[in-house]
K.L.:
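Just passing along the structure, written as structure tokens.
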Amino acid sequence: MPAETHSHSAGVDRDEVARIVCERLAEILGVDDDVVVLDARLREDLDVDDYALIDLVEAVESELGERSVGLRVDDEDLVELVTVRDAVDCVCARLENQP
């Protein structure tokens, strides 16, 4: 099944991960939810800095960690994120690779 349609072992599908990432990022940045779209570039379009990325990872790990024990996104992964979609892909990949 394509990644976009199947459920992860934690019962969280890609659409829910995208919703969580977008909502948490909007909260962290103090912007409207409709500003944070999947194709938005984190640094150029949304003015996301390293601290905001760390806050985002912590918020997502906390929220999804309740359903998926041990969800962890490494700091090294953050430097490769260009768009909001990249952040969603990163979280989904970590969920898929859990035992």
K.L.:
Tell me if a side-chain donor or acceptor on Asp32 pairs with a main-chain N or O of Asp34 at a distance below 3.5 Å.
P.N.:
no
K.L.:
How many angstroms lie between atom CG of Leu64 and atom CZ of Arg24, to the nearest 0.5 angstrom?
P.N.:
9.0 Å
K.L.:
Would you check if Val37 and Val84 make a side-chain contact, meaning some heavy-atom pair closer than 4.5 Å?
P.N.:
no
K.L.:
Once rounded to the nearest 0.5 Å, what's the spacing between atom SG of Cys22 and atom CZ of Arg85?
P.N.:
9.5 Å
K.L.:
Taking the side chain as every heavy atom from C-beta outward, state whether Ile28 and Glu58 have any atom pair closer than 4.5 Å.
P.N.:
no
K.L.:
Pair Arg43, Leu53 - check side chain to side chain contact (heavy atoms under 4.5 Å, CB included), show working.
P.N.:
CA-CA 10 Å; Arg43 297 190 188 276; Leu53 280 178; 3.7 Å; yes
K.L.:
Please confirm whether the backbone N or O of Thr83 pairs with a side-chain atom of Asp86, one donor and one acceptor, at under 3.5 Å?
P.N.:
yes
K.L.:
Quick check for you: to the nearest 0.5 Å, what is the distance between Leu56 atom CG and Leu42 atom CG?
P.N.:
8.0 Å
K.L.:
Does the side chain of Asp50 come within less than 4.5 Å of Leu78's, by heavy atoms?
P.N.:
no
K.L.:
If we only count heavy atoms from C-beta on, is the Leu25 to Leu29 side-chain gap below 4.5 Å?
P.N.:
yes
K.L.:
Does this structure show an ion pair linking Asp89 with Arg94, if we count only N-O contacts that are shorter than 4.0 Å?
P.N.:
no
K.L.:
Quick check for you: to the nearest 0.5 Å, what is the distance between Leu95 atom CG and Glu16 atom CD?
P.N.:
10.0 Å
K.L.:
What verdict does the side chain to side chain contact (heavy atoms under 4.5 Å, CB included) test give for Leu46 and Val31, after you've listed the backbone C-alpha separation in whole Å, the side-chain angles of each residue and the deciding distance to 0.1 Å?
P.N.:
CA-CA 9 Å; Leu46 300 175; Val31 299; 5.6 Å; no
